[in-house]
Amino acid sequence: MAERIYGLLGRKLGHSWSPAIHRALGCDSYSLIELEPDALEAFLSRSDIGGLNVTIPYKRDVMPYCDVIDDAAKAIGSVNTLVRRADGKLYAWNTDAAGFCYMAKRAGIDFTDRKIVILGSGGASLTAQAMSRAMGAREIVVVSRSGENNYENLAAHADADIIVNTTPVGMYPNVNAAPVDLSAFPACRGVLDVVYNPRRTALLLQAEQLGIPNSDGLPMLVAQATAAEAHFFEKTVPESENERLLAILRRETGNIVLIGMPGCGKTTVGQALARLTGREAIDIDERVCARCGCSIPELFAREGEQAFRALEQEETARAGMESGKIILTGGGVVKDARNYAHLHRNGRIYHLLRDLSLLPTDGRPISQSTALSELWAERAPLYAAFRDAEITNTGTPEETAENIWRDFCENSGN
């Protein structure tokens with residue numbers, strides 16, 4: 001019997017983490033299937049389709065080719081899961097619905113009697129609208145670029161309780177873009193973003209800054225995948241699988257970021273972490289040196305600290321867009337507040353602590369020109385503002401690396 005096709009159907013899929021999820025669920029042949037619109041009909045007529053997930057822009061386009069569409073999916077108006085059964089018919093469901101509810105519940109965001117503003121009008125928006133109604137929303141407003149409610153008249157909905165982004169705005173690699181400014185919604189008490197790469201979009205970083213409960217789209221992606229897997233193979237998948245898979249993906253894709261005073265051991269500990277985990281270590285200072293073609297002391301002498309900080313900020317932004325890396329920063333990276341978003345976007349930030357009397361100053365222009373006690377007094381509150389956790393670096397680099405990795409495995413899913 002010929003091998004059946006399992007995979008994610010879409011137009012551009014380079015960003016997708018679906019294969020990792022489905023392989024973790026035991027579907028080893030799951031792959032990415034990129035098709036242009038004119039190829040849909042021929043592909044969906046294939047008899048060897050096993051199970052497909054469907055993403056942008058085809059969640060509605062595939063419906064005419066389906067033989068049997070689940071009633072709930074019909075009511076929503078889009079599908080994202082297709083299965084060719086033994087009778088030869090192509091069956092369709094919308095498992096995004098279960099994923100959306102799981103994401104909202106996990107974030108502690110209650111839709112009961114709330115006004116919901118949904119950004120976007122595509123297939124994911126249809127699911128968000130239907131589930132908002134199912135979860136008891138009082139009012140639902142759909143904002144699109146050219147609809148009655150658009151980005152030019154958002155002020156009419158400043159009383160929104162919950163903002164849901166179903167657009168790709170903010171998705172990697174355009175990570176600095178945000179669909180709206182949350183300060184325009186002073187009553188907002190919940191933000192959901194279906195984007196899952198990066199972990200914290202610009203929208204979610206602002207929500208976090210404002211103390212608003214929020215979630216990225218990875219819990220939704222995981223929960224819809226387990227529901228899809230149940231349809232693919234006609235089996236029951238326990239809900240506990242969602243948390244297990246989410247923890248695995250957070251650990252595999254999250255960055256480990258090291259900050260701290262010059263000479264506190266970031267490089268040696270980072271190298272030990274790389275050996276321990278098999279991850280690539282990205283050294284921001286090394287990248288700056290490669291850019292300018294000279295050492296950091298030479299750059300300081302030639303162009304001054306301001307030139308160095310500009311390059312440091314650019315390289316920090318580049319590194320922060322990566323996933324599953326170890327990022328080693330310079331001691332002064334915290335001096336530029338913009339670097340926090342770059343490092344926090346996909347990372348858990350560790351502040352390495354070491355007694356000032358043990359910090360070397362050779363080859364470090366600022367450490368040589370400023371007393372370490374003064375440097376610490378200036379930077380201590382900045383480190384505190386950046387960090388997720390403190391790690392005392394008093395043992396061997398290997399011991400410190402093991403402590404960081406242990407903490408990361410326990411907390412990266414939070």
Side-chain angles (χ1 to χ4, degrees), residues 175-176 255-274 279-322 325-394 397 400-401 404:
V175 297
N176 293 316
N255 293 326
I256 299 172
V257 181
L258 304 187
I259 64 173
M261 286 285 283
C264 70
K266 297 183 292 293
T267 300
T268 53
V269 170
Q271 291 169 346
L273 265 170
R279 293 175 170 227
E280 177 188 2
I282 297 174
D283 189 309
I284 301 299
D285 282 353
E286 286 184 0
R287 286 195 168 185
V288 169
C289 291
R291 281 275 301 275
C292 67
C294 65
S295 70
I296 290 175
E298 289 171 333
L299 177 60
F300 266 74
R302 191 174 68 197
E303 299 183 43
E305 182 179 359
Q306 187 174 355
F308 168 74
R309 294 296 173 206
L311 288 173
E312 180 183 55
Q313 192 271 331
E314 291 176 13
E315 292 304 324
T316 301
R318 285 182 56 215
M321 290 170 60
E322 302 269 7
K325 309 295 185 184
I326 299 164
I327 300 177
L328 314 179
T329 67
V333 73
V334 294
K335 293 182 67 174
D336 188 332
R338 293 174 297 178
N339 288 329
Y340 175 72
H342 301 323
L343 298 173
H344 184 57
R345 180 171 282 120
N346 277 326
R348 182 165 171 80
I349 303 174
Y350 291 91
H351 178 196
L352 286 193
L353 294 171
R354 193 173 179 85
D355 191 278
L356 295 183
S357 65
L358 301 176
L359 304 184
T361 59
D362 290 349
R364 295 176 170 86
I366 293 180
S367 296
Q368 290 177 334
S369 63
T370 307
L372 290 179
S373 57
E374 292 180 22
L375 209 57
W376 173 251
E378 173 200 2
R379 294 182 181 179
L382 303 178
Y383 292 134
F386 269 55
R387 70 188 176 218
D388 293 302
E390 290 180 333
I391 297 289
T392 301
N393 184 26
T394 55
T400 304
I404 292 171

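Excluded from the calculations below are hydrogen atoms, water molecules and symmetry mates; all remaining heavy atoms, backbone and side chain alike, are included.
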Ignoring hydrogens and geometry, is there a side-chain-to-backbone donor-acceptor pair from [X] to [Y] under 3.5 Å?
X      : Y      : result
Asp355 : Ser357 : yes
Arg354 : Asn393 : yes
Lys266 : Val257 : no
Glu374 : Ala371 : no
Tyr383 : Gly331 : yes
Lys325 : Ala319 : no
Asn346 : Glu322 : yes
Arg302 : Cys294 : no

Below 4.5 Å, heavy atoms only, C-beta onward: do [X] and [Y] meet side chain to side chain?
X      : Y      : answer
Arg345 : Val175 : yes
Leu353 : Cys264 : no
Val333 : Ile284 : no

Quick check: closest heavy atoms across Gly263 and Leu359, and the distance to 0.1 Å? O-CD2, 3.5 Å

Charged N to carboxylate O below 4.0 Å: is that the case for Glu305 and Lys335? yes

Which residues pass the ring pair (Phe, Tyr, Trp, His ring centres under 6.0 Å) test with Tyr340, not counting sequence neighbours? His344, Phe386

